[in-house]
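Start at 1 and go down the list; that is how both ligands and their atoms are numbered. Numbering of residues begins at 1 and proceeds along the displayed sequence.
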Amino acid sequence: VVLHPTAEILARYEQVRSGLRRVKQRPGTVAHVDEPARTRDGVEIELLANIDLPEELDLYADSGARGIGLYRSEFLYMETDPRLPSEDDHLQMYRRLLDAAAPHPAMIRTYDLGGRKLAREMMESTEDNPVLGLRGIRLTLARPQIFHTQLRGLLRAGAGRDLWIMAPMVSRVEEVRALRAELTAVAGALAAEGVPHAQDCKVGIMIEIPAAAIVADLFAREADFFAVGTNDLIQYSLAVDRNNQHVADLYEPLHPAILRMLRFVAAEGRKAGIPVSLCGEMGGDARLTPLLVGLGLRRLSAHPRSLQRLRRVVAELDAERLVELADRCCGLATAAEVEELLRREEEPSQVLSA
Ligand code: PEP
Ligand code: MG
């Protein structure tokens with residue numbers, strides 16, 4: 001919500017709205033929601049759902065999503081606030097998610113608390129710069145007891161289900177190894193107690209810190225999958241606080257640095273044979289779908305309400321030819337130039353005949 005918007009801000013959002021309207025009104029052959037979304041040239045684009053609140057699971061069934069691409073587990077904490085979720089709270093919620101997503105996977109993110117997301121029970125002192133502080137995987141690894149409660153709930157819920165666990169705010173390979181070590185310890189304890197638990201869940205990471213994007217090849221040897229969090233990747237790459245209105249103009253998803261990172265991460269994931277999804281806000285913006293497909297992304301996760309529109313746009317794309325458009329975008333100097341090129345090429349039919 002922008003209070004008292006200036007004429008400039010109004011004009012910008014008007015532009016966004018008319019872009020969305022054009023996408024919405026475009027006729028298109030829409031594959032039945034039970035079918036995977038496919039481009040015109042037959043490339044499958046997996047559309048997954050981001051779920052924050054349990055009520056959103058009601059939208060999941062009709063969305064055509066092929067799995068849950070992001071569950072932000074800190075929302076569970078917000079629901080049980082003022083106490084931390086118990087093992088049973090974790091178990092019940094994750095079972096619901098996994099059952100809703102079946103036969104497809106549910107990617108459940110471990111707590112992304114810290115930063116701006118309050119976690120009184122977990123923080124011992126305040127930080128001058130919390131967004132660069134004990135946040136995400138850093139905080140959970142520093143609070144093993146609390147983390148074990150979550151991991152026990154996760155592993156128990158994953159028994160016989162397709163569970164993909166992912167860690168937020170990963171900047172170092174050591175963090176992936178530490179997460180695996182914690183999971184091994186928790187699984188060992190559950191086995192000793194005779195409690196059923198997941199035997200072969202996938203362990204992946206959010207790519208949302210530039211360091212992780214730049215060495216995606218190294219992370220691809222350690223992680224089973226990547227989920228690109230563009231909301232933070234933009235914030236940390238461009239050094240622009242995602243919640244600070246004074247620098248909102250500088251928060252540019254189309255900055256060539258971001259596009260090149262996305263292209264690189266997608267390529268390294270493909271080389272290593274691991275799935276790469278994009279679950280930040282960019283993934284739900286239908287105007288950007290041609291670009292994301294051209295950059296090599298094959299899995300997009302967004303709010304369930306956005307998926308129909310994405311499906312419609314995907315059906316009109318020619319993935320092969322969009323590689324060239326994406327490469328041209330990566331070679332431009334400014335986000336404004338990228339935006340202009342995308343606008344010119346907006347009608348996929350024009351892209352096809354270009
Ligand atoms: C992101 O950073 O893009 C993301 C999906 O995570 P969150 O918005 O929860 O930080
Ligand atoms: Mg994030």
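- W164 and F225 have tilted rings, their planes meeting at an angle from 30° to 60° on a 0 to 90° scale.
- Of the N or O atoms in E281, none lie within a sub-3.5 Å distance of an N or O in ligand 1.
- Residue contacts with ligand 1 leave out Q235, since none of its heavy atoms falls under 4.0 Å from the ligand.
- Under a hydrophobic-cluster definition in which Ile, Leu, Val, Met, Phe, Trp and Tyr are linked whenever side-chain heavy atoms come within less than 4.5 Å, directly or via other members, L91 and Y77 are assigned to different clusters.
- Assignment of M169 to the shell around ligand 1 is not supported, since no heavy atom sits closer than 4.0 Å.
- Here the side chains of Y111 and L139 are not in contact, with every heavy-atom distance at 4.5 Å or above.
- Nearest N/O/S atom of E208 with respect to the Mg ion (ligand 2) is recorded as OE1.
- Taking only nitrogen or oxygen atoms, main chain and side chain alike, E74 does not reach within less than 3.5 Å of ligand 1.
- Heavy atoms of M282 come nearer than 4.0 angstrom to ligand 1 in no pair at all.
- In the model, Q235 has no side-chain atom that pairs as donor or acceptor with a side-chain atom of N231 under 3.5 Å.
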Could you go through L341 and L325, starting from their C-alpha distance and side-chain angles, then the distance that decides it, and tell me whether this counts as side chain to side chain contact (heavy atoms under 4.5 Å, CB included)?
CA-CA 9 Å; L341 176 59; L325 173 67; 3.9 Å; yes
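- When only non-hydrogen protein atoms are considered, atom 6 (O) of ligand 1 lies nearest to R109 NH1, 2.9 Å.
- A101 and A106 make their closest contact through CB-CB, 4.0 Å (heavy atoms, listed as atom of the first residue, atom of the second, distance).
- Here D232 reaches the Mg ion (ligand 2): one of its N/O/S atoms is less than 2.8 Å from the metal.
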